[in-house]
Amino acid sequence: MPLLPIADRWFEITRISDDITLLLEPHVVPLMRCNIWHLRGRDRDLLIDTGMGIVSLREAARHLLDKDVTAVATHTHTDHVGNHHEFRHTLVHELEADNLRRPTDRGTLLASVMGAEEVRKLAKAGYPFDGDLITALPYAGYDLASYAMKDAPVTEVVTEGDVVDLGNRHFEVLHLPGHSPGSIGLWEAATGTLFSGDAIYDGPLLDEIDGAHIPTYVRTMKRLRELPVEIVHAGHDPSFGRERLVQLVDAYLAKRA
């Protein structure tokens, strides 16, 4: 295995607006490179998903975290909840709460552990990668084989229709299963803003992985098509507006419905 370079910094941080900041792990392959959204509220902040958990998100985002923060799990796949254990207050759908407390899949960074068949399957789905799941080391001496998901606290369990109140902003929990049983989005009707997790994003959607269910995903897509969104901040890839949302949904339905 070739030696990996050491990253200058692990997180790339981009301010999107006065109250939204995007954090990315650029040295994680696209398959596992989750969008981590920091949303500033009057009374509390949200971190919507927390990445792989390779290094401390709380430390990297310390300049953003000046009040109580809730770590939201749009779902509990490894790339979205790796740093949830760092936060005292977490939020997750009821169907995946146990998996946040005690992950059944502790994850890996090693392609050899994933196996050649799984790597081929992911490449066919649109996510080819050459080598392991990171392209640089977070620090000298880091051992890829030591990576493992940690148990995280569960302090707020939600379901369809619950409201996440930040004081000045209010988001409705949408249950958007298909990619996973407990996938959720956060919907702010007043601004047409949707944080969609992996229910929809502008890239190859994964619906044949463990826990996914295509007929359920089709129903979720039909629901999303009717939502009067202005902007979608998704779990991967760039944000997009309603026109692109409709294109993505229609392409999925043409393939699967």
Review point. Without hydrogens or angle criteria, can the side chains of His89 and Asp68 be said to hold a donor-acceptor pair below 3.5 Å?
Key: no
Review point. Is there a donor-acceptor contact under 3.5 Å linking the side chains of Thr216 and Arg219?
Key: yes
Exercise for review: Answer with yes or no whether the side chains of Tyr201 and Asn35 bring together a donor and an acceptor at under 3.5 Å.
Suggested key: no
Check your understanding: Hey, is CG on Asp8 packed in by over 12 heavy atoms from elsewhere, all under 6.0 Å?
Key -> no
Check your understanding: Taking all atoms of both residues into account, what is the closest heavy-atom pair of Asn83 and Thr50, and its distance?
Key -> N-OG1, 3.0 Å
**Study point:** Minimum heavy-atom distance Ile13-His63, with the two atoms named
**Key:** CD1-CE1, 3.7 Å
Practice item. On the 0 to 90° scale, with breaks at 30° and 60°, tag the His179-His77 ring pair as parallel, tilted or perpendicular. Key: perpendicular
Practice item. Decide, yes or no, whether a salt bridge links Asp165 with Arg42 under the criterion of side-chain N to carboxylate O below 4.0 Å. Key: no
Check your understanding: Do Glu208 and Arg256 sit within salt-bridge range, that is, some charged N less than 4.0 Å from a carboxylate O?
Key -> yes
Practice item. Inspect the contact between Asp43 and Lys67 and indicate whether a charged nitrogen and a carboxylate oxygen are less than 4.0 angstrom apart. Key: no
Practice item. Report, as yes or no, whether the 6.0 Å neighbourhood of atom CG on Asp210 holds more than 12 heavy atoms from other residues, nucleotides or ligands. Key: no
Study note, to complete from the structure: Tracing side-chain contacts under 4.5 Å among Ile, Leu, Val, Met, Phe, Trp and Tyr outward from Ile231 reaches none
